[in-house]
There are 2 protein chains.
Amino acid sequence: MVEDVVRTLGFLCMGSRLRRIGERLQADTQQIIDEIGLGIQAGQYPFLAAIDRAGPLTVGELAQAVGITQPGATRTTGQLLELGFVDMQPAPDDQRRRLVSLTDKGQELIDYSKISVWPRVAAAVADLCGDLDGPILEQLAAIEDGLAEAPLAQRSPAKEKTR
Amino acid sequence: MVEDVVRTLGFLCMGSRLRRIGERLQADTQQIIDEIGLGIQAGQYPFLAAIDRAGPLTVGELAQAVGITQPGATRTTGQLLELGFVDMQPAPDDQRRRLVSLTDKGQELIDYSKISVWPRVAAAVADLCGDLDGPILEQLAAIEDGLAEAPLAQRSPAKEKTR
DNA sequence: GATGGTTATATAACGTGTTATATATTTGCT
DNA sequence: AGCAAATATATAACACGTTATATAACCATC
């Protein structure tokens with residue numbers, strides 16, 4: 001068995017480490033989404049959630065809300081448009097801005113997700129790291145160990161905790 | 001100003017959040033590397049560090065050591081080969097395995113990085129989150145706030161803390 | 001009211017992760 | 001020995017982030 005360098009190097013590799021844990025969590029989340037059978041990518045949720053919370057937003061506002069760059073927001077918005085979850089129309093007062101709003105289909109997806117996917121994901125993540133405390137490196141180690149033991153999909157509220 | 005949905009949604013978006021913080025940290029680290037003038041990508045360091053610590057490793061062992069999949073390790077190894085930092089040769093006992101070792105140039109890079117880049121990065125990250133404690137969501141919020149105030153490059157040990 | 005700078009979005013090119021699959025070598029069984 | 005299964009690496013195709021730049025619309029000033 002080979003040493004996990006990223007873990008060993010601690011603060012030095014914290015960027016790589018956060019990133020790989022984030023990727024793992026998103027992949028696990030995707031698995032839950034697929035199990036429930038929704039045709040959406042985990043990374044697209046924050047966009048829909050932002051509009052659901054704040055009402056129609058422009059592409060730039062979406063980028064800010066989700067914390068990525070504008071070209072990334074443009075692309076994901078295009079995908080959501082393609083999938084029929086959102087609608088886009090120029091802002092009446094400023095033709096440069098494109099207002100992105102939820103379609104009925106998008107609103108339904110969100111409403112259903114709120115009762116099916118989101119609670120399950122949030123509970124699974126909380127099960128994984130909700131009770132943690134202490135220095136961040138220790139918590140990250142605990143999270144990685146936890147994920148190795150049981151992925152998010154096995155930490156859903158439906159399944160009784162056996163530990 | 002638009003609400004940061006990923007932060008607001010907490011555990012539900014923890015994957016996205018860890019990922020984006022990791023990307024930010026890596027970008028900041030890259031800036032420090034570039035300032036010092038080394039021709040390497042932040043994400044390539046863990047590969048060289050792994051070999052430096054453990055001696056020559058196969059592609060598969062590198063993937064394990066760095067915590068990514070094998071095709072990713074194959075690609076990065078190819079880049080490091082191209083850059084002249086590593087050498088590859090078939091393992092004597094098993095022609096399928098390719099042993100990756102540091103070249104003199106690679107070893108020099110590592111040795112120099114150990115005194116120039118690594119301490120600075122580790123100190124900057126420690127400055128950012130070394131003293132944190134408590135629930136992970138709170139720590140992540142503190143890290144994001146901290147990065148917004150001052151990127152890693154401004155948290156080097158050379159610069160006196162002004163706060 | 002034309003012109004130059006700013007702002008919003010789109011597009012292109014790239015980096016680096018993933019999954020799926022092809023290829024070559026080794027291993028193990030009859 | 002010979003052949004099937006397993007293993008190690010490479011390659012292809014894709015996801016999704018980035019930076020740099022093009023284009024269109026708005027605004028301010030002369």
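Here is the naming used below: chain letters follow the sequence lines, and residue numbers restart at 1 for every chain.
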Nearest to the side chain of B/Thr74, heavy atoms from C-beta on, is which of D/dA10, C/dG17, D/dG17?
D/dA10
From CZ of A/Arg24 over to P of C/dT19, roughly how many Å is that when rounded to an integer?
10 Å
Ion pair check, A/Asp4 and A/Arg20, cut-off under 4.0 Å
yes
OP1 or OP2 of C/dA10 less than 4.0 angstrom from a side-chain nitrogen or oxygen of A/Arg98, does that happen here?
yes
In whole angstroms, the gap separating P of C/dA8 from CD of A/Gln89 amounts to 19 Å
Within the structure shown, what part of the strands sits under 4.0 Å from B/Arg75 by heavy-atom distance: base, sugar-phosphate, or nothing?
base
side-chain N/O A/Arg96 vs D/dC26 OP1/OP2, d < 4.0 Å:
no
B/Gln26 atom CD is separated from D/dT19 atom C1', nearest whole Å, by 16 Å
For C/dA8, take OP1 and OP2 only and decide whether either is under 4.0 Å from a side-chain N or O of A/Arg97.
yes
Round to the nearest Å and state the distance from A/Ile21 atom CD1 to C/dG17 atom C1'.
15 Å
Given C/dT18, C/dT9, D/dA25, the nucleotide with the shortest approach to the side chain of A/Val59:
C/dT9
Are B/Gln89 and B/Arg98 linked by a side-chain donor-acceptor pair shorter than 3.5 Å?
no
Per atom distances to the B/Gln95 side chain, the nearest of C/dA10, C/dT26, D/dC26 is C/dT26
Just call it for B/Gly72: base, sugar-phosphate, or nothing, with non-hydrogen atoms closer than 4.0 Å on any strand.
base
Closest to the A/Met88 side chain: D/dT9, C/dA10, D/dC16?
C/dA10
Modelled atom types, side-chain donor and acceptor of B/Gln26 and A/Ser16, under 3.5 Å:
yes
Given atom CG of B/Leu80 and atom P of C/dT16, what is their separation to the nearest angstrom?
10 Å
Below 4.0 Å: OP1/OP2 of C/dG17 and any side-chain N or O of B/Thr76
yes
Can you tell me how far P of D/dC16 sits from OH of A/Tyr45, to the nearest Å?
14 Å
Any side-chain donor near an acceptor of the partner, A/Thr103 and A/Gln107, under 3.5 Å
no
Does the side chain of A/Leu147 reach to within under 4.5 Å of the side chain of A/Leu25, using non-hydrogen atoms?
yes
Among D/dA15, C/dT25, D/dA10, which nucleotide sits nearest the side chain of B/Gln70?
D/dA10
For D/dT18, does OP1 or OP2 lie under 4.0 Å from any side-chain N or O of A/Thr69?
yes
From the options D/dA12, C/dA8, D/dC16, select the nucleotide whose nearest atom is closest to the side chain of B/Pro71.
D/dA12
Given side chains that start at C-beta, do those of A/Pro151 and A/Arg24 come closer than 4.5 Å, heavy atoms only?
yes
Side chain of B/Ile68 only, please: which of C/dT16, C/dT18, D/dT18 is the nearest?
C/dT18
On DNA chain D, does the nearest nucleotide to A/Gln30 precede the nearest nucleotide to A/Pro92 from the 5' side, or the other way round? Give the residue.
A/Gln30
Please report the distance, rounded to the nearest Å, between CD in B/Gln79 and P in D/dT9.
17 Å
Pick the closest DNA chain C nucleotide for A/Glu23 and for A/Thr77 by heavy atoms, then say which residue is nearer the 5' end.
A/Thr77
For A/Gln44 and D/dC14, give me the distance from atom CD to atom C1', rounded to whole Å.
14 Å
